[in-house]
Amino acid sequence: MSSPPKSILEQVPLKSSEGLALALASSQDGAVMVLKWCNLAFSRITGFEVQEVIGRRGTIIIGRDMDQATHLLIIDKLMSWEAFSVTTRTNRKDGGQLYVRITWAPLSDPLSGNRWWLCSLVELDHPETGASLEMSGCPRVANLDSQENFENEIARLERENKRLRELATIVSQESNQDPLTGLSNRRHLELALNDYLASLRKRGEEFAVIFVDLDRFKSVNDTLGHEAGDALLISVAKTLRHLSDSNDTVARLGGDEFVVLKPLGTSALNISGLADSIISELAKKFSFEGRGISRSASVGVAIATKDMPTPEQIMADADAALYHAKANGRGRWSYFTSEMHADANATKRLATELLDACDRREFVPYFQAIIDAKTGMIACAEVLVRWQHPKRGLLLPADFLDVAGKIGIEDKIDSIVFEALGKEIQKLDATGFNLPKLSINISAARLANPSLIHDIRVSKIDPKRITVEILESVYLEEEDNSLLLALSELKQLGTSISVDDFGTGHASVQGLLSIKPSILKIDRQFMMTALDNESSMALFGSIVSIGKSLDIKIVAEGVETKQHGQLAVQLGCDYLQGFYFGRPVDAESFRESLLQAHGAVWEQSEKSTLLVSID
Ligand code: C2E
Ligand code: CA
Ligand code: CA
């Protein structure tokens, strides 16, 4: 069936030699826009296909050869909704230079109230010589003749341009593009997913959903700043685009979450190949301001097949696979299996319960004694968090800290525990008993967060009485000075630093030298194996002597038996901790046992090796 002949008016944009385009603009800011229509002449002049133009921002006509002042003045005029023309040099899609006269006219849709720009382009055969900027239809915004005026104007426009980038997010919700990375946005992904699901139903075309999530993105943002975070996201977008085919949909869901939709084709092998490449490419450092910054990602894969009862759930499946990959140590990919559903649901439930638990302040500090090996007296108490769950009873950190970290509420939990700790310590002090020190576990993310110092102040506990236990992995982030800075701030308050679980990660003397802790806690796995494994015992001994040579005090963890205690003393440990002296207990029981034993936990016999438990 042939289409009806076009009216004279309909033929105008087709036949016009002037390039015409219509862009839908943000109601808040005229410089934020998405192109919705263009004619053939616009496509011919700019070198972009009509289809390529649609959905792009107005910057499509800003080529690299346009001078910055012209670019900024265009933004300025667009922001204030003024009609104007400018004659300028710019570039086509292929980079070729051209001279154009661009005219912008603001339009308003009386029905929807939406605001639009009509942009027209005339290609000039003979460029005007001299000034590339010529404004018409409006007075010039500023006298740019003097260098000073020019610089002020540029500074002002750059400030406004920053605001513009923020507003771009608003318009991106009306468009299909993520403003930061240029990938599809969530809205476009949903549309594409519906198309994929429709082809699966109609023609049995199977497809894969690949979720990509950066590991520790928040710490890049927190420690190196948002610009580094943005640069990282852009680098990831480039990598994903480069690795996928042109007809795959690559989207950023927001934050550090990316999704690739890919037709399955003839084999699922290309999907696992893609997942492998994503993991290995994103394990390479990326360069920011001349520095190499580590990045890594976890990936979850799910495949929508013909015989699936509910293919609509495919996104949730890929998310569950992603969670599985993260929980299994990050930097890897995982393929969805049906057992993961149960896991994912349990995690979701736990996340919701944790949020309620914060509101109800259900987290409490438990205390475990650390003993001075020479005097047998209690030297310190390690504070360990417990969740008083209304139905499931007392929960251990292993039951909830991972999920708490994933939903970003570790600092909330810490604050609740700190507040309770402050009160408990006041009660203990009121008895007249002197507990010299409190040792508190702090995650790396928490360390660089200023709320830690705030929490210490609020608790009213003397910072000199506090030791913070950090995992040795903290100094593995070698580019990351902010953690060392946070440590030195704590040291200035008089707080001691202790390295926890030493020997389990990539323990290094260099790391110890950079952190300069006053205490080293040797992980209990050494104690567990030292008695019947000579090399483990030798390693234990050499860690103690490294500590001694650096003037660091040593805590032996995991002292479960008398023999463990004797061994730790022989090897020269300064402090002992473990179930032999007592398990972690609530504040009241801790107070009672301390008062009963007057703080003496270990009584020295003639041979000075008799250990007495406080339980
Ligand atoms: P950790 O810092 O190594 O804490 C010591 C853990 O070892 C405690 O487990 C304690 O109950 C256990 N333990 C102590 N003595 C012995 C022993 O003789 N034998 C054995 N088998 N285990 C012993 P818990 O309380 O379950 O804590 C587990 C981990 O959770 C802690 O390991 C710590 O890394 C983390 N954690 C606990 N509380 C907090 C907290 O408030 N914040 C943060 N960020 N992490 C915490
Ligand atoms: Ca600890
Ligand atoms: Ca430990």
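Numbering of ligands and ligand atoms starts at 1, following listing order.
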ask   = Which part of Leu401 is near ligand 1, with near meaning a heavy atom under 4.0 Å away: side chain, backbone, both or neither?
value = side chain
inquiry  = I need the contact type for Glu382 against ligand 1. Using non-hydrogen atoms and a strict under-4.0 Å cut-off, is it side chain, backbone, both or neither?
reply    = side chain
Quick one: look up the protein heavy atom nearest [atom] and list residue, atom name and how far away it is.
atom: atom 2 (O) of ligand 1; result: Asp500 OD2, 2.8 Å
atom: atom 31 (C) of ligand 1; result: Leu384 CD2, 4.2 Å
atom: atom 11 (O) of ligand 1; result: Pro584 CG, 3.2 Å
atom: atom 39 (C) of ligand 1; result: Val385 CG1, 3.6 Å
atom: atom 12 (C) of ligand 1; result: Arg524 NH1, 3.7 Å
atom: atom 3 (O) of ligand 1; result: Asp501 OD1, 3.1 Å
atom: atom 19 (N) of ligand 1; result: Glu560 OE2, 2.5 Å
atom: atom 27 (O) of ligand 1; result: Pro397 CG, 3.4 Å

request  = Considering only NZ, NE, NH1 and NH2 on the basic side and carboxylate oxygens on the acidic side, decide whether Asp429 and Arg465 come within less than 4.0 Å.
outcome  = yes
message = Taking the basic N atoms (NZ, or NE/NH1/NH2) and the acidic carboxylate oxygens, is any pair closer than 4.0 Å for Lys521 and Glu382?
response = yes
Say whether [X] and ligand 1 are in contact under the criterion: heavy-atom distance to a ligand atom below 4.0 Å.
X: Val417; result: no
X: Ala398; result: no
X: Met528; result: no
X: Gln577; result: no

query = Purely on distance, is any nitrogen or oxygen of Arg386 under 3.5 Å from one on ligand 1?
reply = yes
note = Nearest heavy-atom contact between Phe217 and Gly229 is CE1-O, 3.6 Å
note = When rounded to the nearest 0.5 Å, the distance separating CG of Leu232 from CG of Asp256 is 8.5 Å
ask   = Does Thr561 reach the main-chain N or O of His564 with its side chain, forming a donor-acceptor pair under 3.5 Å?
value = yes
ask   = Quick one: ring pair (Phe, Tyr, Trp, His ring centres under 6.0 Å) partners of His389, sequence neighbours excluded?
value = Trp387
ask   = Would a search of protein heavy atoms around atom 42 (N) of ligand 1 find one under 4.0 Å away?
value = yes
Protein-derived N, O or S atoms lying under 3.0 Å from the Ca ion (ligand 2), waters excluded = 4
task = Please indicate whether Arg457 has more than 12 foreign heavy atoms, meaning atoms of other residues, nucleotides or ligands, lying under 6.0 Å from its CZ.
result = no
